[in-house]
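Remember, it's 1-based here, ligands and their atoms both numbered in the order they're listed. One-based numbering along the sequence shown.
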Amino acid sequence: MEDLNEIDEIVVTGGRPLHGTVRIQGSKNTALPVMAAALLSSGTSVLRECPKITDVFLMEKILRELGAETWWEDHDLYLDCSHADGTVIPEYFSGKMRSSVILLGAMLGRNGKARTGYPGGCVIGKRPVDLHIQVLQKLGARIVENGNEIQATCGKLKGAEVIFPKSSVGATEQGILAAVLAEGKTVFTGCAREPEITWLCQYLTGMGAKIEILENGSICIEGVKKLHSGSGTIPPDRIVAGTYLMAAAATRGEIILENPPIDEMHAILEVYRKMGGQCHRIGGKLIVNGKNAGFPLELLETDVYPGFPTDLQSPAMAVLVTIPGVSRIREKIFEDRYKLASWLCYMGAKIEIRDGMAVVHGGYPLRGCIVEAEELRGGAALVIAALAAEGVTRIRGCSFIERGYEHICEDLTALGGLLIKDRGTL
Ligand code: UD1
């Protein structure tokens, strides 16, 4: 039974510039759809350098629920899907994570039927699944939304031409997972172009899928009868790399990112440079000097890739509150992703939310206090603010942060930050 008095905190003593070297973990948003892809074969797939984070563990549990056998060897995750013929994801699991919904396409491809509760995930605004449902319907699935459940059935999925009316990472992945085993040719246009989509296609191609990503971003898939097991390395996480970059900027520190996916970070580095941050690349490393991060941003807008990622909007806000002057942030992907602002104000920042925009009056000193992480990236941003604040901050709800960061406390401690994970009871 859940202990109502349980403590789940990160305690941060702020006010020290970060310095040192950190290695970037594998990408959460690549690992999750690749795990779903493993379900499309009856063999044992392996994901090397897979991050050991709660969302991956949850996806692993769901796959086990469906009949897969799973095990870890260090950071390599093995998924034996010989008997993964289950067709039902209980609401208990689906409600805990957004990505569970993309298993629908994979289960349909494998078994012709699938049932799941509505997906949960971070509370960052409306997160409908209409595009997921539409793409499956276009490929021939019959979908019934029944109270709390989505029920999908199909004979054989059939290739189709599908135009996404809006860019959605998850719905694009859903479509790809369903189309690789469908009969005939599928062409998706209006697809999301995030790097995670390319990584998923690459992994599936390694399993025998026939996928071509055209220059205009459309994705052509020629369905195949069967896929064999997959094997591949999960790339480093661009959002984790960006989080640590922002932490260096907020504390005016100087750090080295050992293996960041630099080619996927153009928009992130551009924003960081506009703040006054400096960085240069040596081999695969990124040398980050945040000492001169002191310029407010006239307008920071999030956008679909290759734009500035919504997942780094909160970490960027945590930096901007430390920079004197007025900065403006417009969140264009998830309308309600400004929850962090009230916690930053509680720490001493001045931020107004008006007309769908955050207006940050930066430079007011932040002071340590008790705050609460309400979702994954907002939680990481609180850690950044706490590192920049005077005194001790206790961040509650650190389980949200652990959904996406494998060892944020250890990583930032290695960079000279003072962080302690506190688990116990009151
Ligand atoms: C993924 C990422 C998440 C990131 C987001 C946007 C994973 C596991 N998560 O989430 O970290 O913040 O992309 O880059 O990869 N939408 C609809 N109908 C749908 C689906 C989405 O209207 O059926 C809308 C959403 O409300 C949102 C926009 O489309 O406004 C983009 O969402 P989407 O790209 O689907 O995000 P996720 O795949 O959930």
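- Of the heavy atoms in S99, only side-chain atoms (C-beta onward) come closer than 4.0 Å to ligand 1.
- At a heavy-atom distance under 4.0 Å, no atom of R403 approaches ligand 1.
- Under the side chain to side chain contact (heavy atoms under 4.5 Å, CB included) test applied with L382, the options T393, V371, I10 reduce to a single match, V371.
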**OP:** Under the side chain to side chain donor-acceptor pair (under 3.5 Å) rule, what do S94 and Y118 come out as? Steps first, then yes or no, please.
**Re:** CA-CA 6 Å; S94 60; Y118 279 90; over 6 Å; no

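- Using a 4.0 Å cut-off between heavy atoms, E196 makes no contact with ligand 1 at all.
- For ligand 1, the polar-atom distance check finds an N/O of S168 within less than 3.5 Å of one of the ligand's N/O atoms.
- Using a 4.0 Å cut-off between heavy atoms, D130 contacts ligand 1 through both its backbone and its side chain.
- Close approach to R337 involves these atoms of ligand 1, each under 4.0 Å from a residue heavy atom: 12 (O).
- With a 4.5 Å cut-off on side-chain heavy atoms, W199 and S27 do not count as touching.
- Shortest non-hydrogen contact noted between L320 and S327 is CD2-OG, 3.5 Å.
- Of all atoms in ligand 1, numbered sequentially from 1 with element shown, those under 4.0 Å from a heavy atom of V129 are 23 (O).
- Side chain of D237 to main chain of V240: a donor-acceptor pair is present (N/O by atom type, distance under 3.5 Å, no hydrogens or angles).
- Residues K185 and E222 are not paired through a salt bridge, judged by the lack of any N-O separation under 4.0 Å between the basic side chain and the carboxylate.
- Near G170, the atoms of ligand 1 lying under 4.0 angstrom from a non-hydrogen atom of the residue are 35 (O), 38 (O).
- When non-hydrogen atoms are compared, ligand 1 lies under 4.0 Å from neither the backbone nor the side chain of E173.
- In terms of modelled atom types and a separation under 3.5 Å, the side chain of R328 and the main chain of A358 share no donor-acceptor contact.
- Between F334 and ligand 1, no pair of N/O atoms sits closer than 3.5 Å.
- Taking a cut-off of under 4.0 Å to the non-hydrogen atoms of I333, the atoms of ligand 1 that pass are 27 (C), 30 (O), 31 (C).
- Against a heavy-atom cut-off of under 4.0 Å, V169 is close to the following atoms of ligand 1: 1 (C), 13 (O), 33 (P), 34 (O), 35 (O), 38 (O).
- For the residue pair E331/Q313, the side-chain donor-acceptor check at 3.5 Å is satisfied.
- Contacts between D311 and ligand 1 below 4.0 angstrom, taking non-hydrogen atoms only, involve the side chain exclusively.
- Looking only at distances, a side-chain donor or acceptor of R110 sits under 3.5 Å from a matching main-chain atom of S41.
- T30 and E196 are not linked by any side-chain donor-acceptor pair at a separation below 3.5 angstrom, with hydrogens and angles left out of the test.
- Between A171 and ligand 1, a contact under 3.5 Å exists for no N or O pair.
- Atom numbering of ligand 1 starts at 1 in the shown order; those under 4.0 Å from a heavy atom of T310 are 6 (C), 12 (O), 14 (O).
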